[in-house]
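The structure appears right after this line, and notes come after that.
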Amino acid sequence: MSIQPMLLWSDILLFVLIASIVGLMLWARRQEALRAAWGRVARNGVAMAAATVLAAFVLVGLLDSLHYRALLPAQPGATARYAVEVNSALDALLADLRLRAEKTYSAPLATHLFAREALENSTQREFPRLQFGGMHLGANLAGHEFDLALRLSRGVAGGLAVWLLLAAAVCRWRGMEFAALLRIGSGGNALAAVSVTLLAILLLLGVAISVGGGYHVFGTDKVGQDVLYLSLKSIRTGLLIGTLTTLVMLPLAVLLGILAGYVGGWVDDLIQYLYTTLSSIPGVLLIAAAVLMMQVVIDTHPDWFATSAERADARLLALCLILGMTSWTGVARLLRGETLKLRELEFVQAAQAFGVGRLAIMRRHILPNLMHIVLISLVMDFSGLVLAEAVLSYVGVGVDPTTISFGTMINTARMELAREPMVWWSLLAAFSFMFALVLAANLFADAVRDAFDPRSSA
Amino acid sequence: MLAYVIRRLLYAIPILVGVNLFTFALFFVVNTPDDMARMQLGVKRVTPEAIQKWKAERGYDKPLVWNAAASDGAQLTETIFFSKSVRMFAGDFGRADDGRDIAREIGSRMLPSLAIALPTFTLGLFVAICFALLLVFFRATALDFYGVVLCVAMMSISGLFYIIGGQWLVSKVWHLVPISGYSGGLDAGKFLILPVIIGVFGGIGASTRWYRTIFLEEISRDYVRTARAKGLPERVVLFRHVLRNALIPILTGVVVVIPTLFMGSLLTESFFGIPGLGSYTIDAINAQDFAVVRSMVFIGSVLYIIGLLLTDLSYTLADPRVRLQ
């Protein structure tokens, strides 16, 4: 075998997360109330469009989570050895983008470098040709614009063709007319919203593949890396921080919240004291302090990690852990308040009268009635965490500098605006990708909240 | 009332003690001062003497909590815990790595932080409440719908984008104000106006939506229907009845923030080069100056606790039915 599959800790957690979401979905299908609530989400056009965008992001993130180490060229007499570099399935798919690095900055779709350089056999300083961008044009640059237009239309046509095939299949399967797939807005259905969003994604994908085959669509950064590749790689980091953090904090918040609310007495006092103390420290400072300390631990124990990817991964997980530790207090407070209310309701009192144990009551009667709060806080926190990652990386307490993330992209790119002329593309790419992800997450979270919050359905 | 305030202040003591113990554990037990010294000195220069010197310069060469070598009560006071953690209660934060007194530094940096945070806060509150009232006034119309869409879009944009984009557009393209910097006195205005506007702009999306939800919840109450049934115009209903009754939930979210304004905004201050507490903290984090970070954590929680107390007191002003006892 020429590759050695490799599981980083964050991959394992991500797959566990996906598996449990799928499991929960199967379980929820059999629950009357949950099916009704999810049905409300599924009929919401905006929510389904947002979910389609999110699904595209998750797909990229999952591809980026299948890690492997490539086999090094065999040397006679030696056992098989694997590269130190850890790559993912996404890296393999985007090998073109990843490996076609230029020397330094180049603008989107450019054929020449961004800065003048002294060429070998010339006395003047000129813009050198790119090694890869527009390489197929050869010396004849007159066809640059024509080539771009050709590739653009080819990409659009390809995207449209794939979409038409899919749409035809769906129409046959559901027995509906084709025009219904385009009818969005009032009078339309959620399927139309999904199909139109899918069309947009496929068109963008087609253009990116077709134009990206010969050019750097979003230009290259300081060390010549393709910005589109960096943006796609950042998605996994954003998704991980948004989901794992909540995953880390939820068990703690649920456990302590229910305990404080149901048991009461000194347990309540102790738990309240704990979360008041933690929440009284301003979030950024607490995170900064904890991350600084974690950095010291990681730096003083270099022997814990075999590869730099593992170290970066450990740091990413530790960041999730720290973010989770600082953000469980709010959810715990909410859950405690709700438990206090539930405790006095008839069905709980009936269970008590039947002699059901305290643990069983908390598990069977309190917990299921808190799940909507848990779900709502899970989806609502996601977008905030993705945005927080960028800020934390700017402050210097975010992910490992070698981890590609929106935060590190922005952080390395922000000084480039001061250059004359300005290098704007990496910032714009990072912000646009982040905007798409966060906007989709916000819209989806709103729909979930509306569907599950008993107050808003009235 | 006074008794209530005093009792609340007494409640604050165990929380501050908890914060203090927590930071002590985080900074000195999770990592020993030796680890910190090794990290700060770098790999090349680590010798036992260098570590000792580093620790002695910062007063980290004492035992953690119990000094067996000392006597007469000095067993407790001649320790890292006492000299670094307990003395924070007296406002003694020790010295930063550059040798300056942290307490004095904080004192001198409070004013710039406040000069930027206070206008941002008040203006932001005013603008967001106005927009929210506007959306509520036109509720269930296209204006409301697209207003909410705009809010969601605006809150989906990273705060960094507002700052970087604003600096680029206003300072670099239009040349209206300096990109960054600060000066005392009246001159400060031209440095402050851009960060304040950007701060207000960046916060509008989230807070408008939040206030709109509060107002909408309030507007479905019985007293609002009564007011309309009396024949009051919608304008009067909104401003005199809904706005005043929505004050309690608004105050809950808002007053707690006021004392922490002293801490400044980390991002804004560091991007605009304003010598406030926010940029102080960022510089300390980047230089890994643990003493400063520790002090800021402590001050931050003190301010937060004051904010909680102020919130409770403000309820009595907003709602005469609230009695504190």
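To find a chain, count down the sequence lines: A is the first, B the second, and so on, and within it residues start at 1. Quick caveat: nothing in here was measured; it's all calculated off a predicted structure.
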(Q) Quick one: does any side-chain atom of Ser426(A) pair with a main-chain N or O of Met409(A) as donor and acceptor, under 3.5 Å? (A) no

Q.
Could you check whether any side-chain heavy atom of Arg209(B) comes within less than 4.5 Å of a side-chain heavy atom of Val152(B), counting everything from C-beta outward?
A. yes

Q: Mind listing the closest non-hydrogen atom pair of Ser279(B) and Ile274(B) along with its distance?
A: OG-O, 2.7 Å

Q. Between Val386(A), Leu285(A), Leu428(A), Val284(A), which has the largest tally of heavy atom pairs under 4.5 Å with chain B?
A. Leu285(A)

Q) Between Leu278(A) and chain B, which part of the residue has a heavy atom less than 4.5 Å away: side chain, backbone, both or neither? A) side chain

Q. Contact part of Leu274(A) toward chain B, heavy-atom cut-off under 4.5 Å: side chain, backbone, both or neither?
A. neither

Q. Which answer fits Thr277(A), side chain, backbone, both or neither, if we ask what part of it has an atom under 4.5 Å from a heavy atom of chain B?
A. both

Q) Can Thr408(A) and Ser405(A) be counted as having a side-chain donor-acceptor contact under 3.5 angstrom? A) yes

(Q) Are Trp425(A) and Phe114(A) an aromatic pair, judged by ring center distance below 6.0 Å? (A) yes

Q.
Please identify, among Leu16(B), Val293(B), Leu26(B), the residue contributing the most non-hydrogen atom pairs under 4.5 Å to chain A.
A. Leu26(B)

Q) Does Tyr394(A) have its ring centroid less than 6.0 Å away from the ring centroid of Phe271(B)? A) yes

Q: Against chain A, label Ile285(B) side chain, backbone, both or neither, depending on which of its atoms sit under 4.5 Å from a heavy atom there.
A: both

Q | Note, Asp144(B) side chain near Arg212(B) side chain (heavy atom, < 4.5 Å) | A | yes

(Q) Is Phe22(B) in contact with chain A via its backbone, its side chain, both, or neither, using a 4.5 Å heavy-atom distance? (A) side chain

(Q) Measuring centre to centre across the rings, with the benzene-like ring taken for any Trp, is Phe431(A) within less than 6.0 Å of Phe435(A)? (A) no

Q.
Using heavy-atom distances under 4.5 Å, tell me whether Ser220(B) contacts chain A through its side chain, its backbone, both, or neither.
A. neither

Q) Of the listed residues (Thr23(B), Thr213(B), Ile164(B)), which shares the most heavy-atom pairs with chain A below a 4.5 Å separation? A) Ile164(B)

Q: Report yes if some heavy atom in the side chain of Met325(A) is under 4.5 Å from a heavy atom in the side chain of Leu286(A); otherwise report no.
A: no

Q. Given that the side chain runs from C-beta out, which part of Leu439(A) has a heavy atom under 4.5 Å from chain B: side chain, backbone, both or neither?
A. both

Q: Select one option (side chain, backbone, both, neither) describing which atoms of Ser158(B) are under 4.5 Å from chain A's heavy atoms.
A: both

Q: Would you mind checking which part of Val397(A) comes under 4.5 Å of any heavy atom in chain B, side chain (CB onward), backbone (N, CA, C, O), both or neither?
A: side chain

Q | Part of Phe298(B) lying under 4.5 Å from any heavy atom of chain A | A | neither

Q: Pick whichever of Arg294(B), Gln167(B), Met155(B) has the most heavy-atom pairs under 4.5 Å with chain A.
A: Met155(B)

**Q.** Leu256(A) and Trp328(A), any side-chain heavy atoms less than 4.5 Å apart
**A.** yes

Q) Highest number of heavy-atom pairs under 4.5 Å with chain A: which of Val256(B), Val297(B), Ile179(B), Ile282(B)? A) Val297(B)

